[in-house]
Amino acid sequence: MAQKPAIPKGTRDFSPEVMARRDFIFDTIKTVFKRYGYQPIETPAMENLSTLLGKYGDEGDKLLFRILNSGDFLSSVSQDGGNLTAEQLSPQISDKGLRYDLTVPFARFVVQYRNELSFPFKRYQIQPVWRADRPQKGRYREFYQCDVDVVGSDSLLNEAELVQMVADIFRALNIKVVVKINNRKILAGIAAYIGRADALVDITVAIDKLDKIGVAQVNAELAAKGIEAEAIDKLQPVLFMQGNSREKLQTLRGLLGDNLLGAKGLEEMTKLLDYIDLLQVDVATELDLTLARGLNYYTGAIFEVKASDVPMGSICGGGRYDDLTSIFGMPDVSGVGISFGADRIYDVMQSLNLFPETTAESTQVIFLNFGEKEAAYCLPYLNKLRKNAVNAEIFPDSAKLKKQMKYADQKGIPLVVMAGESEMAGQVFTLKNMQSGEQFVIPADQLIDKILTIKQG
RNA sequence: GUGGUUGUAGCUCAGUAGGUUAGAGCAUCAGAUUGUGGUUCUGAGGGUCGCGGGUUCGAAUCCCGUCUUCCACCCCA
């Protein structure tokens with residue numbers, strides 16, 4: 001064979017069967033988003049690199065797909081200095097990149113259209129994002145995020161509402177989940193408490209791995225990052241903290257009470273839990289002090305959702321960001337949002353067999369094609385069916401009946417209508433039920449009604 | 001980016017002491033059944049064994065490189 005056609009690493013094609021299931025997920029998510037008053041927007045697949053760079057940390061910058069400038073992109077490269085490194089060359093030949101998430105483009109959008117939006121602005125956005133990561137299970141280079149964000153409101157009611165939407169969506173999808181919640185201010189308070197407020201990132205990254213590598217290794221990593229033994233000792237009560245969310249908060253009050261930021265974080269967390277109780281949100285929530293989340297821009301609450309019954313990275317994550325729009329010149333606008341990973345949700349549902357049978361909504365009736373005249377006899381009825389909201393088609397070629405029947409069978413079409421010479425002569429149709437195999441002769445003028453009756457029954 | 005793993009027909013996979021023409025199941029197509037699918041039977045098409053180089057009289061099989069797959073790390077949806 002010649003060379004096989006292929007698609008880039010970490011990308012996928014979606015067949016009609018897969019799309020039916022994907023749409024089921026998207027439709028469920030959209031329905032809930034709308035129910036809470038969020039409106040859709042879309043932004044371009046590519047953004048200026050100046051919009052994207054520096055928003056996700058060094059690691060994120062590395063994972064950005066960059067788009068080569070058009071035309072003779074080498075002509076503007078400065079030749080002095082001889083050989084350039086990739087880092088030096090890249091900004092000279094590329095000024096656009098594929099979006100890495102939907103939150104940063106959204107912040108850009110808000111700043112750009114600030115005068116046309118009324119705040120608080122609640123939007124949702126369902127589009128693919130790209131990361132030049134190395135693919136593995138549940139990790140793709142192109143995948144869909146379903147973001148909901150509200151900007152222009154500090155209220156913790158928004159956080160509570162996000163958790164409520166998480167609960168609604170995963171209940172509708174029949175996935176058991178745990179919502180892990182933490183607060184960056186609490187983490188900052190902990191860092192200050194052990195006397196290393198400056199090392200917040202190193203500390204959070206290390207304790208993020210607690211349940212994966214254990215206390216000993218976490219402590220080793222902290223030491224490797226230059227955290228003093230005394231500070232690590234002080235951290236141990238935090239790492240070993242037991243109890244439910246409320247009890248943990250109580251313990252933390254004793255430890256962090258003096259720290260202004262930490263106390264604020266505890267207060268926010270308490271209020272959020274209160275709201276969640278008042279709204280009677282029906283989902284397992286858990287204050288998880290080891291939850292850090294990498295994206296640099298979070299400043300308050302942070303969320304992560306994991307499926308209870310499947311080992312898989314988080315299927316949903318987000319948090320509050322106070323300064324994201326200020327990077328684009330619009331300070332003092334706080335936002336909070338959460339992102340559903342449609343592809344991972346798909347993988348979870350697939351491995352748990354959670355997709356309903358009926359998701360493949362396709363053709364309901366097909367007319368077989370016996371020839372030119374016979375097809376002409378069928379066409380008016382085909383049209384009437386469609387006018388009556390019945391998904392219907394006619395086989396376009398007068399192929400062998402065996403082939404046409406097989407087509408109907410494989411496409412899962414439940415009703416087949418046949419009209420050959422004898423049916424035409426008698427002004428009737430033969431209607432076949434593909435599930436039972438039964439078939440009846442029906443007067444032509446009753447065909448539509450009969451099919452509509454079957455469809456309802 | 002680091003370490004490991006994988007690649008044979010459209011799909012799932014057999015096939016090593018290197019040795020004639022590389023196999024099976026499923027799928028496809030044709031026929032049995034020229035107005036009837038899902039079961040059955042018969043037959044057919046389809047592979048430069050991921051790609052490139054090397055060792056050898058001879059390579060799907062051994063060596064090197066490269067791409068791809070999957071996994072772990074990093075990070076993350």
Side-chain angles (χ1 to χ4, degrees), chain A residues 1-12 15 25 29 56-64 86 99-103 126-147 201 204-206 208-209 212-213 217 221 291-296 302-307 311-318 337-348 366 368-371 374 395 398-424 429-439 441:
Chain A
M1 193 181 11
Q3 67 270 58
K4 276 188 195 177
I7 55 175
K9 196 203 285 208
T11 64
R12 292 136 319 139
S15 66
I25 293 174
I29 290 174
Y56 310 107
D58 294 343
E59 204 60 40
D61 286 355
K62 279 186 209 154
L63 298 181
L64 282 173
R99 71 165 98 80
Y100 178 92
D101 73 356
L102 300 178
T103 306
I126 298 178
Q127 290 189 274
V129 304
W130 295 269
R131 295 183 188 178
D133 214 347
R134 205 179 266 207
Q136 55 180 274
K137 185 157 217 76
R139 170 174 297 192
Y140 307 99
R141 288 185 142 182
E142 176 184 65
F143 60 95
Y144 274 72
Q145 290 194 327
C146 312
D147 269 39
V201 173
T204 53
V205 166
D208 185 39
K209 298 175 191 160
K212 211 179 208 171
I213 62 177
Q217 298 231 44
E221 182 164 332
L291 172 61
R293 295 195 56 78
L295 296 177
N296 286 354
I302 45 185
F303 308 100
E304 196 160 287
V305 180
K306 300 199 82 169
M312 168 80 72
S314 61
I315 53 179
C316 189
I338 195 162
S339 178
F340 293 77
D343 304 82
R344 283 189 178 174
I345 292 172
Y346 183 98
D347 291 344
V348 167
I366 186 168
L368 298 197
N369 190 327
F370 284 70
E374 291 87 344
F395 200 89
S398 60
K400 284 184 180 161
L401 272 213
K402 181 176 170 134
K403 182 180 170 67
Q404 300 192 42
M405 289 298 289
K406 200 165 181 178
Y407 173 84
D409 183 47
Q410 293 191 329
K411 208 166 163 181
I413 301 172
L415 292 175
V416 170
V417 177
M418 285 169 281
E421 264 181 66
S422 56
E423 281 90 349
M424 280 177 74
F429 284 100
T430 297
L431 180 62
K432 173 161 181 158
N433 180 324
M434 291 295 274
Q435 267 121 45
S436 64
E438 299 170 304
Q439 57 187 53
V441 173

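Residue numbers begin at 1 in each chain, while the letters A, B, ... track the order of the sequences.
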Donor-acceptor under 3.5 Å ([X] side chain, [Y] main chain):
X       : Y       : answer
R141(A) : P135(A) : no
R344(A) : I315(A) : no
R12(A)  : E142(A) : yes

Taking any heavy-atom pair under 4.0 Å as a contact, classify [X]: base, sugar-phosphate, or nothing.
X       : result
C316(A) : sugar-phosphate
K209(A) : sugar-phosphate
Q136(A) : base
G57(A)  : nothing
F370(A) : base
G10(A)  : sugar-phosphate
Y144(A) : nothing
G60(A)  : nothing
E142(A) : nothing
E421(A) : base
K432(A) : base

Regarding [N], can its base be found pairing with the side chain of [X] as donor and acceptor, where the two atoms are less than 3.5 Å apart?
X       : N      : value
D409(A) : G37(B) : yes
Q439(A) : U36(B) : yes
Q435(A) : G38(B) : no
R134(A) : U69(B) : no
R344(A) : C76(B) : yes
R139(A) : C75(B) : yes

Distance in angstrom units between [X] [atom1] and [N] [atom2], rounded:
X       : N      : atom1 : atom2 : value
K137(A) : C74(B) : NZ    : P     : 19 Å
Q217(A) : A72(B) : CD    : P     : 17 Å
R131(A) : C76(B) : CZ    : C1'   : 6 Å
K402(A) : G31(B) : NZ    : P     : 8 Å

Problem set entry | Assigned partner base of C29(B), Watson-Crick or wobble definition, under 3.5 Å | G43(B)
For this session: Provide the Watson-Crick or G-U wobble partner of U56(B), both distances under 3.5 Å; none if there is no partner.
Result: none
For this session: Select from P135(A) and V205(A) the residue whose nearest nucleotide in RNA chain B is closer to the 5' end of that strand.
Result: P135(A)
For this session: Report the residue (G420(A) or E221(A)) whose heavy-atom-nearest nucleotide on RNA chain B is the more 5′ of the two.
Result: G420(A)
Problem set entry | Geometric class of the F395(A)/Y407(A) ring pair [parallel <30°, tilted 30-60°, perpendicular >60°] | perpendicular
Problem set entry | Heavy-atom side-chain proximity of D133(A) to F143(A) below 4.5 angstrom | no
Between [N] and [M], how far is it from one [atom1] atom to the other, in whole Å?
N      : M      : atom1 : value
U16(B) : C76(B) : C1'   : 42 Å
G58(B) : C67(B) : C1'   : 28 Å
A17(B) : U56(B) : C1'   : 16 Å
U2(B)  : G19(B) : P     : 37 Å

Exercise. Between S339(A) and D147(A), is any side-chain donor less than 3.5 angstrom from a side-chain acceptor?
Worked result: yes
Exercise. Is it true that the side chains of T430(A) and E423(A) contain a donor and an acceptor less than 3.5 Å apart?
Worked result: yes
